[in-house]
Colleague: 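Supplied in structure tokens, the structure appears directly below.
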Amino acid sequence: MLFKCVILYMSIEIIKGANDMPTENPTRATFMLFGGTGDLALRKLYPAIFNLYKKGSLSTHFALVGLSRKALTDEEFRAKIIESISSETDDKAQAEEFASHFYWKSHDVTNTDHYKELGKIADELDQKYETDGNRIFYVSMAPRFFGIVAKNLKEQGVLSTNGGFNRLVIEKPFGRDYASAKELNDELTSAFNENQIYRIDHYLGKETTQAIPVIRFGNPIIEAIWNQNYIKDVQITLAEKLGVEDRAGYYDTAGALRDMIQNHTLQIVSYLAMDEPNSFVDTEIRREKVKALESMEIYDADGVKQNFVRGQYGAGDGTPAYRDEPGVPHDSNNNTYAAGKIVFNNPRWGKTPFYIRSGKKLATKTGRIDIEFKKPIVDIFAKGTHQPAELKSNVLTLLIDPKIGITLEINTKNSAQGMHTETVDLSYLQSDARAAEVPLPYERLFHDILKGDGTYFASWPEVAAAWKYVDPVQKLWDTTQPDFPNYESGSMGPKAADELLARDGNSWYFPNK
Ligand code: NAD
């Protein structure tokens, strides 16, 4: 009797904690991947899962059910998996063993019977692979399906009820404004708790983004001066060299503001601007990120006009204008470039501006953060009896991609005779050999999902704050006529984006340095 009571007590504890608790040894789970033969799944998701498997984060106790309307046999699906991971391994036997964990189910997301069948398959796989009933539902489909999948998973009984965890992974975009994002979130949270939902933002899987909290909070010499007293301005650049490619159908309805600023850029802003969390756990970090995002000053229409710039690329570099790209309407007013000045209403940042920009068909592909520090209040060298010298701002640069690295530009004495100053770079650039070992963003994110760590996923309050910030900008742009195209392909964007900084006496550090 006593034994039975102990078992019952333990079972209750497991069920209570099952959906929330981070897992330390993430080796057991059944994945259900909606959009199982889609572009993202084949190019990014399966190689990421394979790398986890190869490195031992997934053991033999996992299975994956691929789902879409296509009729495939398990063997046909497994052949696609082997092809998809071919660049990650030469070991045929290992690839085949990995693929043997994959199953195919033809599934229409609107058909409730299909979910019932899926629930049965999941139960069988739980048994066969001893996955402890842990289930990860990854929705890699068009956003209009996110809500219906979540709802049916719950209503048709696909969620694990035997003590395992249930985690829902949602691809981007998460809404197209605050109202639609809230509607989507309401649908998701009617089936899953917030702490079971993992909103993917692959920029949060990048090495440099993940390093920001360590660079800041692990180095008192940096964190001590991380405020308006010492920082003149912060600049974030996410520049693409490519144009719209074959994504016109999606991109022409989104634009740079929705596609790059609302999510990736503002997420990076939140890690740079947040206060120090009490500890490095997801709940604490999210609390501080939200506080930072909610203290951004939301502009009225005049504020948007003064502080945001939009652009669309014209022809240049021997390539066509955006309006002449396949699938783009000839009169499209979509923004392929967006820049803005963020001001925080909080004691840390006061009037220190964060300048952000992102665009397509720019001069170079780069993701970077340049933090410009203030110059000394008195430049004693300029007043000296020796050669007048101009001190430059110290600049800390965090390189996100394609290179990963950190540089710090400081003033020192030029070695020539007399008092001349010059700037030098203290620089750490990750070697190609080391960079090749860096896990891919999706690999890191899958690893965190298995562990139940939400640190590098966007929480709903963060997503909501970002949309509330961006909505007035999009609204003004939707209701006023732009003068497009306004920047040449291969340039660094519209002149108005330079003027935005010039009005404050600033300029883009990159590439003008
Ligand atoms: P895709 O069009 O290549 O794949 C979508 C999948 O959904 C296909 O497998 C299709 O068969 C399936 N599907 C469509 N209707 C269905 C239905 N009624 N029932 C069942 N299955 C159905 O799309 P993708 O490019 O792989 O993108 C997937 C998601 O990832 C989207 O949310 C997208 O915004 C996001 N995303 C993609 C990329 C990328 O590089 N492809 C990058 C970032 C984000």
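As the structure lists them, so they are numbered: ligands from 1, and atoms in each ligand from 1. FYI, the numbering just counts along the sequence from 1.
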Colleague: For Glu288 and Tyr271, test the side chains for any donor-to-acceptor distance below 3.5 angstrom and give the result as yes or no.
Modeller: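 Their side chains do not contain a donor-acceptor pair, so the 3.5 Å distance test is not met.
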Colleague: Using a 4.5 Å cut-off on heavy atoms from C-beta on, say whether the side chain of Ile369 contacts that of Ile268.
Modeller: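 When only atoms from C-beta onward are counted, Ile369 and Ile268 do touch, with a gap below 4.5 Å.
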Colleague: Under 4.0 Å from atom 2 (O) of ligand 1, can you find at least one protein heavy atom?
Modeller: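 Not a single protein heavy atom is under 4.0 Å away.
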Colleague: Among all the protein's non-hydrogen atoms, which is closest to atom 5 (C) of ligand 1, and how far away is it?
Modeller: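 The answer is Ser140 O, 4.0 Å.
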Colleague: Using a 4.5 Å cut-off on heavy atoms from C-beta on, say whether the side chain of Lys105 contacts that of His114.
Modeller: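 Yes, at least one pair of side-chain atoms sits under 4.5 Å.
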Colleague: For ligand 1, indicate whether the residue Phe146 contacts it via side chain, backbone, both or neither (heavy-atom separation under 4.0 Å).
Modeller: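 The side chain, only.
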Colleague: Closest non-hydrogen protein atom to atom 17 (C) of ligand 1, residue and atom name please, with distance?
Modeller: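 Looking at atom 17 (C) of ligand 1, the protein heavy atom closest to it is Arg69 NE, 3.6 Å.
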Colleague: Taking the six-membered ring for Trp and the single ring otherwise, decide whether the centroids of Trp104 and Phe77 are under 6.0 Å apart.
Modeller: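 So the answer is yes for these two rings.
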Colleague: Ligand 1 versus Glu171, non-hydrogen atoms closer than 4.0 Å: side chain, backbone, both, neither?
Modeller: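 Only the side chain of Glu171 comes within reach of ligand 1.
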Colleague: Any chance the rings of Phe344 and Phe354 have centres within less than 6.0 Å?
Modeller: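 Judged by ring-centre distance (under 6.0 Å), Phe344 and Phe354 do meet the cut-off.
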Colleague: Distance to the ring centre below 6.0 angstrom and angle to the axis at most 45 degrees; does that hold for Arg78 and Phe102?
Modeller: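 Arg78 over Phe102 ring: no.
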Colleague: To the nearest 0.1 Å, how far is atom 31 (C) of ligand 1 from its closest protein heavy atom, and which atom is that?
Modeller: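 Closest protein heavy atom to atom 31 (C) of ligand 1: Met141 O, 3.2 Å.
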Colleague: Give a yes or no on whether the ring-centroid distance for Phe446 and Tyr138 is below 6.0 angstrom.
Modeller: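 Ring centres of Tyr138 and Phe446 closer than 6.0 Å.
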Colleague: Looking at atom 18 (N) of ligand 1, what's its closest protein heavy atom, distance included?
Modeller: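 Its nearest protein heavy-atom neighbour is Asp108 OD1, 3.4 Å.
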Colleague: For atom 4 (O) of ligand 1, what's the nearest protein heavy atom and its distance?
Modeller: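 Ranking protein heavy atoms by distance from atom 4 (O) of ligand 1, first comes Gly38 CA, 3.3 Å.
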Colleague: Any nitrogen or oxygen of Lys172 lying under 3.5 Å from a nitrogen or oxygen in ligand 1? Just yes or no.
Modeller: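 Lys172 vs ligand 1: N/O contact under 3.5 Å present.
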Colleague: Quick check on Phe145 - does any of its heavy atoms sit under 4.0 Å from an atom of ligand 1?
Modeller: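 The answer is yes: ligand 1 sits under 4.0 Å from a heavy atom of Phe145.
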Colleague: Is the closest N or O pair between Val109 and ligand 1 shorter than 3.5 Å?
Modeller: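 Between Val109 and ligand 1 (N or O atoms, distance only) the closest approach is under 3.5 Å.
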Colleague: Side chains of Leu159 and Arg135, heavy atoms from C-beta outward: is any pair under 4.5 Å?
Modeller: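 They are not in side-chain contact.
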Colleague: Run the ring pair (Phe, Tyr, Trp, His ring centres under 6.0 Å) test against Phe146 and tell me which residues pass, sequence neighbours left out.
Modeller: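 With sequence neighbours excluded, Phe146 shows a ring pair (Phe, Tyr, Trp, His ring centres under 6.0 Å) to no residue whatsoever.
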Colleague: What protein heavy atom is closest to atom 10 (C) of ligand 1, reported as residue, atom name and distance in Å?
Modeller: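 So the nearest neighbour among protein heavy atoms is Ser68 CB, 4.2 Å.
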Colleague: Of all the non-hydrogen atoms in the protein, which one sits nearest to atom 41 (N) of ligand 1, and at what distance?
Modeller: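 Checking every protein heavy atom, the shortest distance to atom 41 (N) of ligand 1 gives Asp39 OD2, 2.7 Å.
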Colleague: Relative to ligand 1, is Arg43 under 4.0 angstrom through side chain, backbone, both or neither, heavy atoms considered?
Modeller: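 Looking at Arg43 and ligand 1, just side chain atoms fall under 4.0 Å.
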Colleague: Which ligand 1 atoms does Gly35 reach within 4.0 Å, using its non-hydrogen atoms?
Modeller: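 Contacts of ligand 1 toward Gly35, numbered from 1: 6 (C), 7 (O), 9 (O).
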Colleague: May I ask you to check whether over 12 heavy atoms, not counting those of Lys172, lie within 6.0 Å of atom NZ?
Modeller: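 Yes, the 6.0 Å shell around NZ holds more than 12 heavy atoms from other groups.
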Colleague: So which heavy atom in the protein is nearest atom 26 (O) of ligand 1, and how far is it from that ligand atom?
Modeller: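 Here the nearest protein heavy atom works out to Leu40 N, 2.9 Å.
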Colleague: For the rings on Phe62 and His101, is their centre-to-centre separation under 6.0 Å?
Modeller: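 Yes.
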Colleague: So is Thr110 close enough to ligand 1, meaning a heavy atom under 4.0 angstrom away?
Modeller: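 No, Thr110 has no heavy atom closer than 4.0 Å to ligand 1.
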